Structures are given as C-alpha cells and as structure tokens.
**Student:** 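I'd like to ask some things about the structure below.
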There are 2 protein chains.
Amino acid sequence: MNAQIEDILKRNQLSVTSGRVKILELFLGSAGALSHGDIEKKAGERFDRVTVYRTLQVFLEKGIIHNIPTSDNSIRYALCKDNCHAGHHHDNHIHFVCNDCGNTICLENVTIPPVKLPKGFTSTQVDVVVSGICKECK
Amino acid sequence: MNAQIEDILKRNQLSVTSGRVKILELFLGSAGALSHGDIEKKAGERFDRVTVYRTLQVFLEKGIIHNIPTSDNSIRYALCKDNCHAGHHHDNHIHFVCNDCGNTICLENVTIPPVKLPKGFTSTQVDVVVSGICKECK
DNA sequence: AATATTTTGCAACAACGTTGCAATTTATTA
DNA sequence: TAATAAATTGCAACGTTGTTGCAAAATATT
C-alpha cells in the first residue's frame, strides 16, 4: 500500500510527507467518504488541524480527491478514480448517503442519468446525491 | 403580496412577525435560492443574525423552504411549492447553479430521472444539482 | 385592554476555517 | 552522504459561521 501511496503523491508532484501519507491511508482504508472532522479524529493528535485543511485542499486541486455535496453543510471527500485529472473531474458516479449509519459512499457503477435542461442552459457538471438506507444497514 | 405572505405564515401556524415577513418577501422577490448570508445582507441591519438562523430553521421544519446541497459548503434555500409538506418534501425538480453569476435556481419543470441503485439500497430522496451556465449568462 | 404565548435581540460561546511566519522536514545537488 | 534549496508543518492569532440561555419585546388570545 505504501508504494501505491508514494506513487499517487509523486505522480502529482507532491512531496511525500507523513501527513499526506497518513491521510491517503485513511482514504484507502475507508469504505466511504470522509469529512474533515473524520480525518482529524482518525489521524490522532499527531497532525495539526491546519495541516489537514491544507492537505485536503491540495488533494482537491490535484484531483486526488473530490468533494461531495450534502444537504447538511458537512463537506465530505472521497478518492477519485484514475481518470480524474486536476481541475476537471470525471465523477460519473452518484453518491449515496445512508440515513442510518451516516456513511457516504461512491456508487461507482451507477452512472448519472442524462438530464434535459431548458433551452439556453448548458451543464458542465451534474451531482447526484441519493439518501436512503444502505446495503449494510438494511 | 402581503396577503400571500400572511397566508403562508398562518397556514403553518406561525405568528406574523416583521422578520418572517421580510424574509418571505426576499424569497418571493428573488429568482434564485438564497443563502443565509444573502438574506442577512439584503434584510439590512434591522434583524439579528440569530433571528435569521432561527427563522430559516422554522421555515425548513414547516416545509416552507427547502435547502439545496452545494459542493462548496454554502447552504442555499429556496421556497417550496405548494405540494411540499412539513418533514418530507416533494422536491421533484433539479437545481441549477450558474458558474458565472452564481445564482442557484430551481428548474421546476425538469424532473429527476430515475436512478437504479444496487441491490440492498433503498432511496428516500434524490438530489440533483447541475452546474453550468444559465440562460441569462449565456 | 389585559394576559398568556411566542419571538426577538443580546451576550457569550463553540466550531469551523484561514493566514503569516518561523521552524522543521523533504528534495536536490554536488 | 553532506550541504543547500525548496516545500511543508505547527503555532498563534484571527475571522466567520452557527448555537444556546435568558430577559425584553412583540404577537396572539381572552
């Protein structure tokens, strides 16, 4: 796993630091998306709040992670798949938020259905967030 | 308009206060969705921050407004149509965020396409947010 | 008009997020 | 591998956003 992590960082021209490695470990080891708070807790007290913020920001810019809109105002982040590039992502999957366990997961195999917009509107991105009960909690 | 506003409040068993009337006026007079900040600015300094928070909260609970998930963490609110009831809304429309003017609008006539979930998942709500360029900014 | 109920504003607080800068860590070069 | 350059981190301080308790004010009820 460590080789994989180093690879991700180097591919994105980022220095390999313990903080970045730790956060990537958390993402790789987590089934669902993580919020800033999740990461701060799971990473322990070894890392400063500010470092977590800055790391997430850098990962976002590089397209390593993407953020998921939620109706409460908690921002959640998840790893992007390989075909995501810095700036514009190809998040062609939908996001599922479980009302029971609270987990947010990427449903990679569920593609976003086409949306017909009124005349004059053009779309660059479509976010779909489904809430309900997940497979585990059923 | 004032009669309409009073009607909305009374129908929801809320006392008619200047703060609530003002905020409803803002919603009725605005094409798009409003954030807490928008409302605070537009309402002027006549109303306390806390009042705005509490009013939006009450309106949400009563189903007068609904909130729109956005990928940045700014929550936006928009008026519900008549067939929304307290608790569970029938937000069968999609939301559009313009990358140019920043407006968030409800596309009432664009219904949410059906989403096929994997086995074991059940959905209670589907939020669709499309980003792009709106009719006005084109 | 008087009373009961609800809502508001204030103050204080907690959580979240940002910025500048010095110290440390990582990468680079020889 | 050691020395230097570059990038990242932690700290402190700050601003914004959102919450809570309580007394004062406004609204509803009789």
Side-chain angles (χ1 to χ4, degrees), chain A residues 2-3 5-26 33-62 64-65 67-77 86 102 104, chain B residues 2-3 5-26 33-62 64-65 67-77 86 102 104:
Chain A
N2 229 304
I5 288 175
E6 272 203 25
D7 187 54
I8 293 175
L9 290 173
K10 285 186 176 159
R11 204 167 43 218
N12 288 281
Q13 293 139 12
L14 294 174
S15 357
V16 179
T17 69
S18 55
R20 288 175 180 164
V21 170
K22 181 67 185 174
I23 291 180
L24 280 180
E25 275 176 4
L26 291 178
L34 299 172
S35 69
H36 172 92
D38 293 337
I39 293 166
E40 217 177 303
K41 278 174 212 143
K42 291 193 181 185
E45 298 172 8
R46 280 193 295 140
F47 304 106
D48 196 78
R49 241 159 36 89
V50 180
T51 301
V52 177
Y53 280 114
R54 287 198 269 229
T55 304
L56 290 175
Q57 213 167 297
V58 169
F59 284 3
L60 262 187
E61 280 162 14
K62 293 290 187 180
I64 299 173
I65 58 177
N67 59 3
I68 301 165
T70 52
S71 21
D72 61 340
N73 67 337
S74 70
I75 318 178
R76 296 181 168 277
Y77 304 90
T104 301
Chain B
N2 229 305
I5 288 175
E6 272 203 26
D7 186 53
I8 293 175
L9 290 172
K10 286 187 175 160
R11 202 167 46 218
N12 288 281
Q13 292 137 14
L14 294 173
S15 356
V16 178
T17 69
S18 56
R20 288 175 180 161
V21 169
K22 181 67 186 174
I23 290 180
L24 280 180
E25 275 175 5
L26 290 178
L34 299 172
S35 69
H36 171 91
D38 293 336
I39 293 166
E40 218 177 302
K41 277 173 213 144
K42 291 194 183 187
E45 298 173 5
R46 281 195 294 140
F47 303 107
D48 196 78
R49 240 159 38 88
V50 180
T51 302
V52 177
Y53 280 115
R54 286 198 270 230
T55 303
L56 290 175
Q57 213 167 298
V58 169
F59 283 3
L60 261 186
E61 280 163 15
K62 294 290 187 177
I64 300 173
I65 58 176
N67 59 4
I68 301 165
T70 51
S71 21
D72 60 340
N73 67 337
S74 70
I75 318 177
R76 296 180 169 276
Y77 306 88
T104 301

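Chain letters run A, B, ... following the sequence lines, proteins first, then strands; residues in each count from 1. Please read these numbers as outputs of a predicted model, since none were measured by experiment.
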**Student:** Is the phosphate of D:dT8, meaning OP1 or OP2, less than 4.0 Å from a side-chain N or O of A:Arg20?
**Tutor:**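 Yes.
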**Student:** Can you name the residues that form a side-chain contact (heavy atoms from CB on, under 4.5 Å) with B:Leu34, not counting sequence neighbours?
**Tutor:**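 If we apply the side-chain contact (heavy atoms from CB on, under 4.5 Å) test to B:Leu34, skipping adjacent residues, the hits are B:Leu26, B:Phe27, B:Ser30, B:Asp38, B:Ile39, B:Lys42.
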**Student:** Could you tell me which non-hydrogen atom of A:Val52 sits nearest to which non-hydrogen atom of A:Ile23, and how far apart they are?
**Tutor:**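 That closest heavy-atom pairing would be CA-CD1, 4.3 Å.
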**Student:** If an axis is fit to five pairs at each end of the helix from C:dA1-D:dT30 to C:dA30-D:dT1, what is the angle between the two, to the nearest 10°?
**Tutor:**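 The end axes of the helix from C:dA1-D:dT30 to C:dA30-D:dT1 are about 40° apart, to the nearest 10°.
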**Student:** Give the rounded distance in Å between these two atoms: CZ of B:Arg46 and C1' of C:dT7.
**Tutor:**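 Checked: the CZ to C1' distance equals 16 Å.
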**Student:** Nearest whole angstrom, please: distance from the C1' of C:dA12 to the OH of B:Tyr53.
**Tutor:** 15 Å
**Student:** List the residues meeting side-chain contact (heavy atoms from CB on, under 4.5 Å) with A:Arg54, not counting sequence neighbours, and say none if there are none.
**Tutor:**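 With neighbours one apart ignored, the set is A:Val50.
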**Student:** Distance check needed: C:dA15 P versus A:His36 NE2, whole Å only.
**Tutor:**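 Whole-Å distance recorded here is 13 Å.
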**Student:** Can you name the side-chain contact (heavy atoms from CB on, under 4.5 Å) partners of B:Val21, sequence neighbours left out?
**Tutor:**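 For B:Val21, the residues satisfying side-chain contact (heavy atoms from CB on, under 4.5 Å) (neighbours in sequence not counted) are B:Asn2, B:Ile5, B:Leu9, B:Val16, B:Glu25.
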**Student:** From A:Tyr77 OH over to A:His36 NE2, what is the distance, rounded to the nearest 0.5 angstrom?
**Tutor:** 8.5 Å
**Student:** Checking A:Lys41 now: which residues fulfil side-chain contact (heavy atoms from CB on, under 4.5 Å) with it, not counting sequence neighbours?
**Tutor:**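 Partners of A:Lys41 under the side-chain contact (heavy atoms from CB on, under 4.5 Å) test: none.
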**Student:** Among D:dG18, D:dG10, C:dC16, which nucleotide has an atom closest to any side-chain atom of A:Asp48?
**Tutor:** D:dG10
**Student:** Quick one: pull up CG in B:Asp48 and OG1 in B:Thr55 and give me the separation to the nearest 0.5 Å.
**Tutor:** 10.0 Å
**Student:** Show each protein N/O and nucleotides 21-28 of chain D N/O combination with a separation under 3.5 Å, one pair to a line.
**Tutor:**
residue	atom	partner	partner atom	Å
D:dA28	OP1	B:Val16	N	2.8

**Student:** When rounded to the nearest 0.5 angstrom, what is the spacing between NZ in B:Lys62 and CG in B:Leu14?
**Tutor:**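 The distance works out to 5.0 Å.
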**Student:** Ignoring the backbone of A:Arg49, work out which of C:dG17, D:dT9, C:dT8 is nearest its side chain.
**Tutor:**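 Looking only at side-chain atoms, A:Arg49 lies closest to C:dG17.
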